[in-house]
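What follows is one structure encoded as structure tokens, with my remarks underneath.
Hydrogens, waters and symmetry mates are skipped; everything else that's a heavy atom, side chains included, is used.
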Amino acid sequence: MAENMDKVLNRIAKLMQMADGGTKHEAEVAAKMAQSMLIKHNLSMSDVDTQIGEDERAIMDELFNMKDTWKKVEGNWVSSLYHIVAINNLCKIIVHGGGKWKNITVIGSKSNVSMVHFICQQLIPRLRDAEKQEWSWYNGYDKRNVFKRGFFQGAVSGISNQLSASLQELQDADKDVHGLVLYNEKAVTEYRDNKWPNLGKSRGSRSSSWDGYKSGKNVGSNMNIHRGVGGSKSGRGGILGSGK
């Protein structure tokens, strides 16, 4: 029997509350576990045709207001995070520009859209905490905001690598997962192209801070359940004081 999505989200919330030393959160571990739970939830729904409503299965879209989340000084990393979390959790996004912030539409099944937004909203403050910690250790030449933008781009890249590898592992282990991914990719793409036929391609943001990018990618790629999201002070290699 399929598990109620509210119960799934409650379990994810508990995962997101895990801490290292009472202060550092296992953001990347929770994201991967959330991804696995979402896939299992989708597979279980497909096994109980008579108990899951069509509104739960149907592809839909939801617009999320980023006014209280977006910080222009940080660049476009929030939309990049939504993008990588979405594509690795059976969804896609559209970014709506204009004004002082950008809103984000997530496309997918109702439960998948809820999960993507939930995961991102949990990851964002944790990654901001990680950036503050990394900056406190930094003794290079980059200015604060330049380092910050580079860090977040690197962190998103690192998390993307982890989620992509995790999804591939799930597909390799279960042919039904591979079929689920292909089905959702086709359904979500058709929905997007039908509703937004003239959609243009967005441009990625760039940063002049290679130090910040390396620091962020190291955090996003290597955080684990023992160290948490708190940073990479040990084993930082040539990041500190390396210049550009």
- Pair Glu131 + Arg126: basic N to acidic O under 4.0 Å: no

- side-chain contact (heavy atoms from CB on, under 4.5 Å) with Lys175: which residues, sequence neighbours excluded? none

- Query: Going by atom types alone, do Asn194 and Glu190 pair a side-chain donor with an acceptor below 3.5 Å?
  - Reply: no

- Message: Nearest 0.5 angstrom please: Thr105 OG1 to His96 NE2, how far?
- Response: 2.5 Å

- Query: Are the side chains of Ile107 and Trp196 in touch, meaning some heavy atoms are under 4.5 Å apart?
  - Reply: yes

- Message: Would Asn112 and Ser109 count as a side chain to side chain donor-acceptor pair (under 3.5 Å) here? Give the steps.
- Response: CA-CA 5 Å; Asn112 295 354; Ser109 70; 3.1 Å; yes

- Donor-acceptor side-chain pairing of Trp77 and Glu74 below 3.5 angstrom: yes

- Query: Among side-chain atoms of Ser79 and Asn76, is any donor-acceptor pair under 3.5 angstrom?
  - Reply: no

- Item | Pairing residues for Asn65 by the side-chain contact (heavy atoms from CB on, under 4.5 Å) criterion, not counting sequence neighbours | Lys67, Trp101, Asn103

- Answer yes or no: is there a donor N or O on one side and an acceptor on the other, between the side chain of Ser114 and the main chain of Lys110, under 3.5 Å? yes

- Task: Count the heavy atoms belonging to other residues, nucleotides or ligands that lie under 6.0 Å from CG of Asp68, then report whether that count exceeds 12.
- Result: no

- Task: Could I get the full list of ring-ring contact (aromatic ring centres under 6.0 Å, His included) partners for Phe64, not counting sequence neighbours?
- Result: His117

- Message: Please enumerate all residues that pass side-chain hydrogen bond (donor to acceptor under 3.5 Å, both in side chains) together with Gln171, with sequence neighbours excluded.
- Response: His178

Show me the donor-acceptor pairs within less than 3.5 Å that the side chains of residues 85-95 make with the rest of the protein, sequence neighbours left out.
{"unit_1": "Asn88", "atom_1": "ND2", "unit_2": "Ile84", "atom_2": "O", "d": "2.8"}
{"unit_1": "Asn89", "atom_1": "ND2", "unit_2": "Val85", "atom_2": "O", "d": "2.7"}
{"unit_1": "Lys92", "atom_1": "NZ", "unit_2": "Glu185", "atom_2": "OE1", "d": "3.3"}
{"unit_1": "Lys92", "atom_1": "NZ", "unit_2": "Glu185", "atom_2": "OE2", "d": "3.2"}

- Message: Pairing donors with acceptors under 3.5 angstrom, does anything connect the side chains of Tyr138 and Gln133?
- Response: no

- Note on the structure: For Asp176, the side-chain contact (heavy atoms from CB on, under 4.5 Å) test, sequence neighbours excluded, returns Leu43, Asp174

